Amino acid sequence: MRVGELEFEIVSGGRFKLDGGGMFGIIPRVLWSRQYEPDDRGRIDLDTNCLLVRTGDEVILVDTGNGSKLSAKEQEIYALRPDDTLEGNLAAVGVQPQDITIVLLTHLHMDHVGGASRLAGDQLVPAFPNARYVVQRSEWEDALHNRSHMRTSYRMENLQPLLESGRLDLLDGDADIVPGVTVRVTPGHTRAHQSVFLRSGGETALYLGDVCPTPAHLRPAYNMAYDMEPHETMRVKTDLLRRAAREGWVLIFDHEPVQKVVRIVEEDGQFHPTPL
(Lines give C-alpha, C1' and ligand atoms only; values in the text may rest on other atoms or scores of the structure.)
Protein backbone atom coordinates (compact mmCIF):
# COMPACT_ATOMS: atom_id res chain seq x y z
CA MET A 1 0.00 0.00 0.00
CA ARG A 2 1.08 3.57 -0.59
CA VAL A 3 0.38 7.04 0.75
CA GLY A 4 1.84 9.36 -1.85
CA GLU A 5 5.48 8.30 -2.12
CA LEU A 6 5.48 6.34 1.15
CA GLU A 7 5.20 2.57 0.92
CA PHE A 8 3.75 0.67 3.85
CA GLU A 9 2.34 -2.74 4.71
CA ILE A 10 0.89 -4.59 7.67
CA VAL A 11 3.06 -7.33 9.16
CA SER A 12 1.59 -9.45 11.92
CA GLY A 13 3.51 -9.73 15.15
CA GLY A 14 1.42 -12.82 15.86
CA ARG A 15 -2.25 -13.51 16.45
CA PHE A 16 -3.49 -13.94 19.99
CA LYS A 17 -6.62 -14.08 22.12
CA LEU A 18 -7.70 -11.66 24.82
CA ASP A 19 -10.68 -11.39 27.14
CA GLY A 20 -13.53 -9.77 25.22
CA GLY A 21 -14.77 -7.86 28.23
CA GLY A 22 -11.34 -6.32 28.66
CA MET A 23 -11.35 -5.17 25.05
CA PHE A 24 -14.75 -3.48 25.32
CA GLY A 25 -14.92 -2.14 28.86
CA ILE A 26 -18.43 -1.00 29.81
CA ILE A 27 -20.04 -2.39 26.65
CA PRO A 28 -22.20 -5.46 27.44
CA ARG A 29 -21.12 -8.81 26.06
CA VAL A 30 -24.45 -9.17 24.23
CA LEU A 31 -23.39 -6.21 22.04
CA TRP A 32 -19.67 -6.79 21.40
CA SER A 33 -20.11 -10.53 20.87
CA ARG A 34 -22.15 -9.83 17.73
CA GLN A 35 -18.90 -8.77 16.05
CA TYR A 36 -16.29 -10.82 17.92
CA GLU A 37 -17.51 -14.26 18.95
CA PRO A 38 -15.85 -15.31 22.21
CA ASP A 39 -14.55 -18.80 22.87
CA ASP A 40 -15.57 -20.86 25.88
CA ARG A 41 -13.15 -18.84 28.03
CA GLY A 42 -14.52 -15.48 26.93
CA ARG A 43 -11.53 -14.71 24.70
CA ILE A 44 -11.75 -13.15 21.25
CA ASP A 45 -9.41 -13.43 18.26
CA LEU A 46 -7.07 -10.47 17.79
CA ASP A 47 -3.87 -9.69 15.92
CA THR A 48 -0.81 -7.55 16.55
CA ASN A 49 -0.71 -5.52 13.35
CA CYS A 50 2.74 -4.00 13.10
CA LEU A 51 3.32 -1.33 10.47
CA LEU A 52 6.30 -1.58 8.12
CA VAL A 53 7.22 1.67 6.34
CA ARG A 54 9.91 2.08 3.72
CA THR A 55 11.07 5.62 3.01
CA GLY A 56 14.42 6.68 1.57
CA ASP A 57 17.17 4.93 3.50
CA GLU A 58 14.92 4.11 6.45
CA VAL A 59 12.98 0.94 7.18
CA ILE A 60 10.58 1.75 10.00
CA LEU A 61 8.66 -0.72 12.13
CA VAL A 62 5.76 0.48 14.27
CA ASP A 63 5.15 -1.77 17.31
CA THR A 64 6.46 -5.30 17.70
CA GLY A 65 3.76 -7.58 19.13
CA ASN A 66 4.07 -9.88 22.15
CA GLY A 67 7.42 -11.38 21.21
CA SER A 68 8.63 -14.83 22.23
CA LYS A 69 9.65 -14.31 25.87
CA LEU A 70 6.36 -15.15 27.58
CA SER A 71 6.17 -18.23 29.77
CA ALA A 72 4.49 -21.40 28.55
CA LYS A 73 1.53 -20.65 30.81
CA GLU A 74 1.12 -17.15 29.38
CA GLN A 75 1.47 -18.43 25.83
CA GLU A 76 -1.43 -20.77 26.54
CA ILE A 77 -3.53 -18.03 28.17
CA TYR A 78 -3.11 -15.75 25.16
CA ALA A 79 -3.21 -18.60 22.61
CA LEU A 80 0.11 -17.61 21.08
CA ARG A 81 1.48 -19.84 18.33
CA PRO A 82 5.23 -20.47 18.02
CA ASP A 83 4.95 -20.60 14.22
CA ASP A 84 3.36 -17.11 14.01
CA THR A 85 6.09 -14.62 14.89
CA LEU A 86 7.09 -11.12 13.89
CA GLU A 87 10.53 -12.26 12.74
CA GLY A 88 9.02 -14.96 10.54
CA ASN A 89 6.37 -12.66 9.12
CA LEU A 90 8.96 -9.98 8.35
CA ALA A 91 11.11 -12.59 6.59
CA ALA A 92 8.09 -13.51 4.46
CA VAL A 93 8.11 -9.96 3.02
CA GLY A 94 11.88 -9.92 2.56
CA VAL A 95 12.90 -8.02 5.71
CA GLN A 96 15.54 -9.25 8.15
CA PRO A 97 15.94 -7.91 11.72
CA GLN A 98 19.12 -6.06 10.80
CA ASP A 99 17.28 -4.19 8.03
CA ILE A 100 15.08 -2.26 10.48
CA THR A 101 16.51 1.19 11.24
CA ILE A 102 13.76 2.71 13.41
CA VAL A 103 11.27 1.05 15.77
CA LEU A 104 8.42 3.35 16.78
CA LEU A 105 6.56 2.19 19.87
CA THR A 106 3.06 3.56 20.42
CA HIS A 107 3.39 2.58 24.09
CA LEU A 108 5.11 -0.02 26.22
CA HIS A 109 2.46 -2.60 27.06
CA MET A 110 3.73 -6.11 26.47
CA ASP A 111 1.72 -6.73 23.29
CA HIS A 112 3.40 -3.74 21.65
CA VAL A 113 6.98 -3.85 22.91
CA GLY A 114 7.44 -7.57 23.64
CA GLY A 115 8.91 -8.28 20.21
CA ALA A 116 11.47 -5.46 20.46
CA SER A 117 13.83 -7.78 22.33
CA ARG A 118 14.63 -11.47 22.36
CA LEU A 119 16.60 -14.10 24.20
CA ALA A 120 20.08 -14.88 22.86
CA GLY A 121 21.17 -17.80 24.98
CA ASP A 122 20.45 -16.58 28.50
CA GLN A 123 20.84 -12.89 27.58
CA LEU A 124 18.13 -10.42 26.57
CA VAL A 125 19.13 -8.36 23.54
CA PRO A 126 17.37 -5.96 21.15
CA ALA A 127 15.62 -7.88 18.38
CA PHE A 128 16.58 -5.24 15.79
CA PRO A 129 20.29 -4.54 16.34
CA ASN A 130 20.62 -1.61 13.96
CA ALA A 131 17.45 0.23 14.99
CA ARG A 132 16.86 3.11 17.31
CA TYR A 133 13.83 2.64 19.53
CA VAL A 134 11.53 5.67 19.75
CA VAL A 135 8.93 6.25 22.46
CA GLN A 136 7.62 9.14 24.54
CA ARG A 137 9.72 9.97 27.60
CA SER A 138 6.62 10.11 29.83
CA GLU A 139 5.56 6.66 28.63
CA TRP A 140 9.04 5.30 29.38
CA GLU A 141 8.97 6.77 32.89
CA ASP A 142 5.48 5.41 33.55
CA ALA A 143 6.61 1.98 32.37
CA LEU A 144 9.72 1.99 34.57
CA HIS A 145 7.58 2.87 37.60
CA ASN A 146 4.76 0.50 36.54
CA ARG A 147 2.15 3.25 36.64
CA SER A 148 -0.73 1.13 35.42
CA HIS A 149 -3.75 -0.70 36.78
CA MET A 150 -2.47 -3.75 34.85
CA ARG A 151 0.48 -4.94 36.89
CA THR A 152 1.84 -7.33 34.27
CA SER A 153 1.72 -5.08 31.20
CA TYR A 154 4.87 -3.06 31.89
CA ARG A 155 7.66 -5.62 32.20
CA MET A 156 11.32 -4.98 32.90
CA GLU A 157 12.38 -7.82 30.60
CA ASN A 158 10.95 -5.74 27.75
CA LEU A 159 12.48 -2.47 28.92
CA GLN A 160 15.96 -3.38 30.16
CA PRO A 161 17.38 -4.58 26.81
CA LEU A 162 16.36 -1.31 25.15
CA LEU A 163 17.83 0.78 27.94
CA GLU A 164 21.12 -1.11 27.89
CA SER A 165 21.39 -0.98 24.09
CA GLY A 166 22.14 2.74 24.03
CA ARG A 167 19.66 3.01 21.15
CA LEU A 168 16.69 4.38 23.07
CA ASP A 169 15.32 7.69 21.75
CA LEU A 170 12.93 9.43 24.16
CA LEU A 171 10.59 12.10 22.82
CA ASP A 172 8.97 15.00 24.60
CA GLY A 173 5.73 15.37 22.68
CA ASP A 174 4.76 15.40 19.01
CA ALA A 175 7.72 14.93 16.67
CA ASP A 176 8.84 14.48 13.07
CA ILE A 177 10.67 11.16 12.75
CA VAL A 178 11.67 11.32 9.08
CA PRO A 179 10.11 13.31 6.24
CA GLY A 180 6.50 12.16 5.95
CA VAL A 181 6.43 10.22 9.24
CA THR A 182 5.36 11.96 12.44
CA VAL A 183 4.12 10.95 15.86
CA ARG A 184 1.42 12.68 17.88
CA VAL A 185 0.68 12.10 21.54
CA THR A 186 -2.83 10.62 21.82
CA PRO A 187 -3.44 10.09 25.55
CA GLY A 188 -6.10 7.97 27.18
CA HIS A 189 -5.02 4.37 26.85
CA THR A 190 -1.83 5.46 28.58
CA ARG A 191 -0.79 8.96 29.61
CA ALA A 192 1.70 9.34 26.73
CA HIS A 193 0.43 6.91 24.11
CA GLN A 194 1.44 8.07 20.61
CA SER A 195 -0.10 7.46 17.19
CA VAL A 196 1.82 7.52 13.91
CA PHE A 197 0.97 9.64 10.88
CA LEU A 198 2.15 8.99 7.33
CA ARG A 199 1.76 12.00 5.02
CA SER A 200 2.83 12.28 1.40
CA GLY A 201 1.43 13.67 -1.84
CA GLY A 202 -1.57 15.22 -0.12
CA GLU A 203 -2.61 11.88 1.43
CA THR A 204 -2.63 10.79 5.07
CA ALA A 205 -2.60 7.43 6.81
CA LEU A 206 -2.90 7.07 10.57
CA TYR A 207 -1.75 4.13 12.66
CA LEU A 208 -4.09 4.61 15.59
CA GLY A 209 -2.53 2.30 18.12
CA ASP A 210 -4.71 1.48 21.11
CA VAL A 211 -6.68 4.72 20.91
CA CYS A 212 -8.89 2.72 18.51
CA PRO A 213 -7.72 -0.89 18.16
CA THR A 214 -10.49 -2.35 15.95
CA PRO A 215 -13.32 -1.10 13.71
CA ALA A 216 -15.78 -1.87 16.53
CA HIS A 217 -14.02 0.79 18.57
CA LEU A 218 -15.00 3.44 16.03
CA ARG A 219 -18.07 3.89 18.25
CA PRO A 220 -17.21 6.66 20.73
CA ALA A 221 -18.24 4.71 23.85
CA TYR A 222 -16.48 1.49 22.82
CA ASN A 223 -13.22 1.69 24.74
CA MET A 224 -10.98 -0.83 26.45
CA ALA A 225 -11.20 -1.61 30.15
CA TYR A 226 -7.41 -1.27 30.08
CA ASP A 227 -7.54 2.47 29.29
CA MET A 228 -6.00 4.57 32.06
CA GLU A 229 -8.25 7.53 31.21
CA PRO A 230 -11.33 6.29 29.29
CA HIS A 231 -12.94 9.70 28.89
CA GLU A 232 -9.72 11.08 27.43
CA THR A 233 -9.56 8.14 25.02
CA MET A 234 -13.10 8.93 23.87
CA ARG A 235 -12.32 12.63 23.39
CA VAL A 236 -9.04 12.10 21.54
CA LYS A 237 -10.47 9.30 19.41
CA THR A 238 -13.54 11.28 18.38
CA ASP A 239 -11.45 14.28 17.36
CA LEU A 240 -9.15 12.10 15.25
CA LEU A 241 -11.98 10.16 13.61
CA ARG A 242 -13.96 13.28 12.77
CA ARG A 243 -10.98 14.72 10.94
CA ALA A 244 -10.19 11.37 9.32
CA ALA A 245 -13.72 11.17 7.90
CA ARG A 246 -13.65 14.75 6.68
CA GLU A 247 -10.22 14.50 5.01
CA GLY A 248 -10.35 10.91 3.76
CA TRP A 249 -7.51 9.49 5.82
CA VAL A 250 -6.54 5.84 5.67
CA LEU A 251 -6.87 4.29 9.15
CA ILE A 252 -4.81 1.32 10.35
CA PHE A 253 -6.02 -0.74 13.32
CA ASP A 254 -3.46 -2.41 15.55
CA HIS A 255 -5.49 -5.37 16.84
CA GLU A 256 -8.09 -6.12 14.17
CA PRO A 257 -7.66 -9.63 12.70
CA VAL A 258 -9.62 -9.06 9.46
CA GLN A 259 -10.50 -5.49 8.41
CA LYS A 260 -7.14 -3.95 9.21
CA VAL A 261 -7.09 -0.87 6.94
CA VAL A 262 -10.10 1.33 6.14
CA ARG A 263 -11.40 4.77 5.39
CA ILE A 264 -14.42 6.01 7.32
CA VAL A 265 -17.49 8.19 6.92
CA GLU A 266 -19.39 10.05 9.64
CA GLU A 267 -23.17 9.82 9.80
CA ASP A 268 -25.21 11.26 12.67
CA GLY A 269 -22.21 11.35 14.99
CA GLN A 270 -21.22 7.73 14.29
CA PHE A 271 -18.26 6.51 12.24
CA HIS A 272 -18.51 3.69 9.74
CA PRO A 273 -15.73 1.92 7.78
CA THR A 274 -15.74 2.00 4.00
CA PRO A 275 -13.68 0.01 1.48
CA LEU A 276 -10.40 1.56 0.34
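For clarity, every value in this text was computed on a predicted model and none was experimentally measured.
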Q.
Under the rule for side chain to side chain contact (heavy atoms under 4.5 Å, CB included), what residues qualify as partners of Q35, not counting sequence neighbours?
A.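 With neighbours one apart ignored, the set is A216, R219.
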
Q: Using the test side chain to side chain contact (heavy atoms under 4.5 Å, CB included), find all partners of S195 that sit at least two apart in sequence or belong to another chain.
A: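 Listed in chain order: T186, H193, L206, V211.
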
Any side-chain donor-acceptor pair under 3.5 Å between [X] and [Y]?
| X | Y | answer |
| --- | --- | --- |
| N66 | H112 | no |
| Q270 | E266 | no |
| E139 | T190 | yes |
| Y36 | E256 | yes |
| H255 | H217 | no |
| T101 | E58 | yes |

Q: Spell out, yes or no, whether V250 and V265 are grouped together once hydrophobic residues are joined by side-chain heavy atoms under 4.5 Å, including indirect joins.
A: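 Unlinked, V250 and V265 end up in two clusters.
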
Q | Whether K69 side chain and G114 backbone form a donor-acceptor pair below 3.5 Å | A |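 Pair found, side chain donor or acceptor close to backbone of G114.
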
**Q.** CZ (R184) with more than 12 external heavy atoms under 6.0 Å
**A.**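 It does not: R184 CZ has 12 such atoms or fewer within range.
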
Q) Hey, is CD on E5 packed in by over 12 heavy atoms from elsewhere, all under 6.0 Å? A)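 Result for CD/E5: open.
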
**Q.** For the student: nearest non-hydrogen atoms of E141 and H145, plus distance
**A.**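 It is O-ND1, 2.8 Å.
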
Q: Locate the shortest heavy-atom distance separating I264 from L218; write the atom from each residue and the value.
A: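 Shortest heavy-atom separation between I264 and L218 comes out as CG2-CD1, 4.0 Å.
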
Under-4.0 Å salt bridge between [X] and [Y]:
| X | Y | value |
| --- | --- | --- |
| R243 | E247 | yes |
| K73 | E76 | no |
| R137 | D172 | yes |
| R155 | E74 | yes |
| D83 | R81 | yes |
| D45 | K17 | yes |
| R43 | D19 | no |

Q) Is there a side-chain contact between M1 and F8, using heavy atoms and a 4.5 Å cut-off? A)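 Side chain of M1 against side chain of F8, heavy atoms only: contact under 4.5 Å found.
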
Q: Just grab all the salt bridge (charged side-chain N to carboxylate O under 4.0 Å, His left out) pairs involving residues 186-215, residues at least two apart or on different chains.
A: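 Sorted result for residues 186-215: D142-R191.
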
Q.
Could you walk me through whether T182 and D176 satisfy the side-chain hydrogen bond (donor to acceptor under 3.5 Å, both in side chains) test, starting with their C-alpha distance in whole Å, then the side-chain angles of each, then the deciding distance to 0.1 Å, before giving a yes or no?
A. CA-CA 4 Å; T182 63; D176 296 326; 4.9 Å; no

Q: Look at the aromatic rings of F197 and W249 and report parallel, tilted or perpendicular, splitting at 30° and 60°.
A: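 Geometry flag for W249 against F197: perpendicular rings.
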
Q: Kindly assign one of parallel, tilted or perpendicular to the pair F128 and Y133, based on the angle between their ring planes and the thresholds 30° and 60°.
A: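 Ring orientation of F128 relative to Y133: tilted.
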
Q.
So, taking the atom named CG in D63 and the one named CG in D111, what distance separates them when rounded to the nearest 0.5 Å?
A.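 Taking CG in D63 and CG in D111, the distance rounds to 8.5 Å.
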
Q | Approximate separation, where rounding is to 0.5 Å, of L171 CG and S138 OG | A |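 So the CG of L171 and the OG of S138 are separated by 10.5 Å.
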
